[in-house]
Amino acid sequence: MPDFKHYANPTSGEAIRFEGGSLKVPDHPIVPFIEGDGTGPDIWRAAQRVFDAAVEKAYGGKRKIAWYEVYAGEKAFNKFQEWLPEDTLKALTEYIVSIKGPLTTPVGGGIRSLNVALRQELDLFVCQRPVRYFNGVPSPVKRPEQVDMVIFRENSEDIYAGVEWQEGTPEVKKIIDFLRNEMAVKKIRFPETSGIGVKPVSKEGTERLVRAAINYALENGRKSVTLVHKGNIMKFTEGAFKSWGYELAEREFSDKTFTWSEYDRIKEAQGTDAANKAQQEAEAAGKLIVKDVIADAFLQQILTRPAEYDVIATLNLNGDYVSDALAAQVGGIGIAPGANINYESGHAVFEATHGTAPKYAGLDKVNPGSVILSGVMMFEYMGWQEVADLITSALEKAIDQKVVTYDFARLMDGATEVKTSEFGNQIIKNM
Ligand SMILES: NC(=O)C1=CN([C@@H]2O[C@H](COP(=O)(O)OP(=O)(O)OC[C@H]3O[C@@H](n4cnc5c(N)ncnc54)[C@H](OP(=O)(O)O)[C@@H]3O)[C@@H](O)[C@H]2O)C=CC1
Ligand SMILES: O=C(O)CCC(=O)C(=O)O
Ligand SMILES: [Mg+2]
């Protein structure tokens with residue numbers, strides 16, 4: 001048991017373990033949860049009832065989650081005057097699998113993102129966000145059913161990691177002086193009034209992310225992995241991500257993949273027909289195609305040709321933008337789940353793609369679908385597939401019945417608008 005400063009130890013349940021590369025899940029696993037800020041408590045309350053009902057329905061009392069509340073954000077600050085208590089990190093480390101609601105990050109000053117801090121502290125290097133269409137969900141595009149992608153967003157580095165210095169401080173002056181005087185940098189347009197952010201992108205970081213994406217694609221019968229980058233402009237970070245990604249695919253998965261890098265080499269040596277033939281043969285042999293696209297082109301092609309994309313591997317900031325854009329295509333952020341995972345240690349923190357939606361806090365109004373579907377991912381990760389399937393089909397049925405929260409109701413004809421808690425009830429009723 002961890003040696004907590006503030007927290008009492010769990011009073012029931014057993015710890016999940018990660019041994020020999022796989023999870024060992026007891027029948028009464030301790031699962032820590034963070035309620036979250038803003039609308040977090042609303043959606044968490046509904047979600048927890050759905051999870052418990054589905055586990056009970058699937059296993060009739062043989063299995064049960066031992067929920068264990070841990071704190072971060074405003075609730076932690078109010079209780080312990082700490083935004084992210086060390087006890088929370090200890091609990092998430094000890095109990096391996098956890099789930100959280102959204103946490104507030106102020107813009108422009110104040111505390112840094114607690115969400116990002118959690119990912120960094122636990123080294124949860126993959127932010128995995130599946131995006132698929134649920135029949136009947138209102139969507140702004142004509143063929144939303146063509147969207148079926150799984151985003152693998154690098155979660156530990158890039159400009160998103162928060163290495164930056166504020167304009168006007170002695171630190172930023174030092175960095176700017178160093179860049180100008182020792183590195184001969186002449187491209188800082190307004191050196192006296194700039195803030196500076198640094199974008200670290202490493203070979204190790206890229207390789208472990210791309211490896212996870214390719215493994216996922218192979219295990220789940222996916223057709224392609226696309227490396228999304230802005231490597232034409234940021235050559236040694238985003239461009240390197242692309243090159244390292246291709247090199248990894250060819251080095252570690254040569255018998256199972258065909259890359260566009262190989263395509264280019266064949267084209268150069270033998271011409272376009274030979275390269276096309278090689279790709280067609282690889283596809284016919286069931287090989288995974290590893291390709292790439294520049295990020296801005298990707299954002300227009302997901303609207304015009306979504307069927308061409310499948311598993312997406314990308315850097316941290318691109319992944320953030322792409323997640324919300326794709327979520328909108330299939331009906332919005334109300335049903336966009338996610339997980340932060342370290343595939344090497346087994347640690348995983350499940351969380352919705354959206355934030356705290358503060359204007360709706362405490363109104364029992366927003367869609368709990370994203371956190372509920374994050375729970376579905378969690379149950380799949382734990383191997384409790386029966387629970388995942390029960391929740392998914394009950395949620396699909398609720399949408400089919402047009403019993404939905406405000407976000408869907410405002411775009412659907414003939415819908416019955418229900419509260420967060422009532423949407424949870426409807427899902428439970430449908431199990
Ligand atoms: N992982 C995390 O914890 C994340 C935290 N955040 C943080 O959340 C805070 C608010 O961020 P903000 O940019 O407003 O983004 P949000 O995702 O919180 O909200 C933006 C809009 O998305 C819609 N929305 C969000 N959640 C739901 C839901 N459950 N059901 C239906 N619609 C929903 C609402 O749209 P509408 O107005 O159209 O109704 C809302 O106004 C910030 O502090 C930010 O840093 C942001 C993202 C992730
Ligand atoms: O940490 C935050 O406040 C925002 C994070 C975010 O937008 C995301 O991870 O998608
Ligand atoms: Mg985001």
Side-chain angles (χ1 to χ4, degrees), residues 83-84 103-127 151-211 213 226-248 260-261 264 292-300 312-325 340 355:
W83 292 103
L84 183 55
L103 296 167
T104 303
T105 313
V107 177
I111 55 162
R112 287 208 163 269
S113 168
L114 302 169
N115 310 301
V116 172
L118 273 174
R119 298 166 192 168
Q120 289 175 334
E121 291 287 336
L122 297 168
D123 201 21
L124 305 170
F125 60 86
V126 172
C127 180
I151 301 161
F152 277 67
R153 162 191 180 192
E154 203 292 321
N155 221 10
S156 67
E157 46 184 15
D158 191 6
I159 195 88
Y160 213 94
V163 186
E164 56 173 5
W165 293 275
Q166 190 175 9
E167 180 269 327
T169 58
E171 290 80 11
V172 87
K173 184 171 180 329
K174 207 165 165 181
I175 293 284
I176 292 173
D177 286 348
F178 168 74
L179 291 172
R180 297 175 79 200
N181 301 331
E182 296 189 40
M183 304 298 288
V185 172
K186 295 192 172 38
K187 295 178 184 168
I188 303 175
R189 178 69 183 82
F190 297 110
E192 301 307 322
T193 59
S194 289
I196 293 280
V198 169
K199 181 180 172 79
V201 175
S202 69
K203 189 170 182 196
E204 282 104 312
T206 299
E207 286 187 346
R208 64 183 184 169
L209 185 271
V210 175
R211 183 181 297 117
T226 304
L227 308 170
V228 178
H229 61 85
K230 189 72 191 174
N232 47 340
I233 302 300
M234 290 168 275
K235 294 180 189 298
F236 306 133
T237 50
E238 306 243 346
F241 176 86
K242 170 191 148 182
S243 309
W244 291 326
Y246 278 141
E247 282 162 23
L248 176 105
W260 276 12
S261 178
D264 286 343
D292 77 280
V293 62
I294 294 178
D296 43 359
F298 178 71
L299 285 170
Q300 56 96 358
I312 306 304
T314 191
L315 297 101
N316 208 337
L317 181 62
N318 297 337
D320 190 17
Y321 296 157
V322 162
S323 300
D324 276 40
N340 305 289

Quick one: side-chain contact (heavy atoms from CB on, under 4.5 Å) partners of [X], sequence neighbours excluded?
X: I111; value: W83, P106, L114
X: A295; value: V228, N318
X: S243; value: E247
X: E207; value: K203, R211, L248, R251

Looking only at heavy atoms, which two atoms of [X] and [Y] are closest? And how far apart?
X: R208; Y: S156; answer: NH2-OG, 3.2 Å
X: D296; Y: K230; answer: OD2-NZ, 2.8 Å
X: D158; Y: L317; answer: OD2-N, 2.9 Å

All side-chain hydrogen bond (donor to acceptor under 3.5 Å, both in side chains) counterparts of S194, not counting sequence neighbours: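 For S194, no residue satisfies side-chain hydrogen bond (donor to acceptor under 3.5 Å, both in side chains) once neighbours in sequence are set aside.
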The criterion is side-chain hydrogen bond (donor to acceptor under 3.5 Å, both in side chains); which residues satisfy it with D292, sequence neighbours excluded? H229, Y246
Contacts of type ring-ring contact (aromatic ring centres under 6.0 Å, His included), residue F125, not counting sequence neighbours: none
For F298, which residues count as a ring-ring contact (aromatic ring centres under 6.0 Å, His included) partner, sequence neighbours excluded?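 F298 satisfies ring-ring contact (aromatic ring centres under 6.0 Å, His included) with Y309 once adjacent residues are dropped.
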Strictly by salt bridge (charged side-chain N to carboxylate O under 4.0 Å, His left out), give each pair with a member in residues 110-120 just once, sequence neighbours left out. R112-E164, R119-E351
With sequence neighbours excluded, give me every salt bridge (charged side-chain N to carboxylate O under 4.0 Å, His left out) pair touching residues 236-246. K199-E238
pair V210-W244: side-chain heavy atoms closer than 4.5 Å: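 Not touching, per the 4.5 Å side-chain cut-off.
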Are any of the side-chain heavy atoms of L118 and N340 separated by less than 4.5 Å?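 Heavy-atom side-chain distance check fails, nothing below 4.5 Å.
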Nearest-0.5 Å distance, [atom1] of residue [X] to [atom2] of residue [Y]:
X: W260; Y: L227; atom1: CH2; atom2: CG; answer: 10.5 Å
X: S202; Y: E157; atom1: OG; atom2: CD; answer: 3.5 Å
X: F152; Y: T314; atom1: CZ; atom2: OG1; answer: 13.0 Å
X: L299; Y: I294; atom1: CG; atom2: CD1; answer: 12.5 Å
X: T237; Y: L315; atom1: OG1; atom2: CG; answer: 7.0 Å
X: T104; Y: N115; atom1: OG1; atom2: CG; answer: 8.5 Å

Qualifying residue, where the test is side chain to side chain contact (heavy atoms under 4.5 Å, CB included) with V126 and the options are L209, I151, N155: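 Only one option passes, and that is L209.
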Working for side-chain contact (heavy atoms from CB on, under 4.5 Å), residues N316 and I159: CA-CA 8 Å; N316 208 337; I159 195 88; over 6 Å; no
Could I get the full list of salt bridge (Lys or Arg N to Asp or Glu O under 4.0 Å) partners for D264, not counting sequence neighbours?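 Scan of D264 (salt bridge (Lys or Arg N to Asp or Glu O under 4.0 Å), adjacent residues dropped) gives none.
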Assess whether atom CD of E167 is packed by more than 12 heavy atoms of other residues, nucleotides or ligands within 6.0 Å. yes
Side-chain polar contacts of residues 171-182 - donor-acceptor pairs under 3.5 angstrom, sequence neighbours left out - could you list them?
from : atom 1 : to   : atom 2 : distance (Å)
K173 : NZ     : D177 : OD2    : 2.9
N181 : ND2    : D177 : O      : 3.2

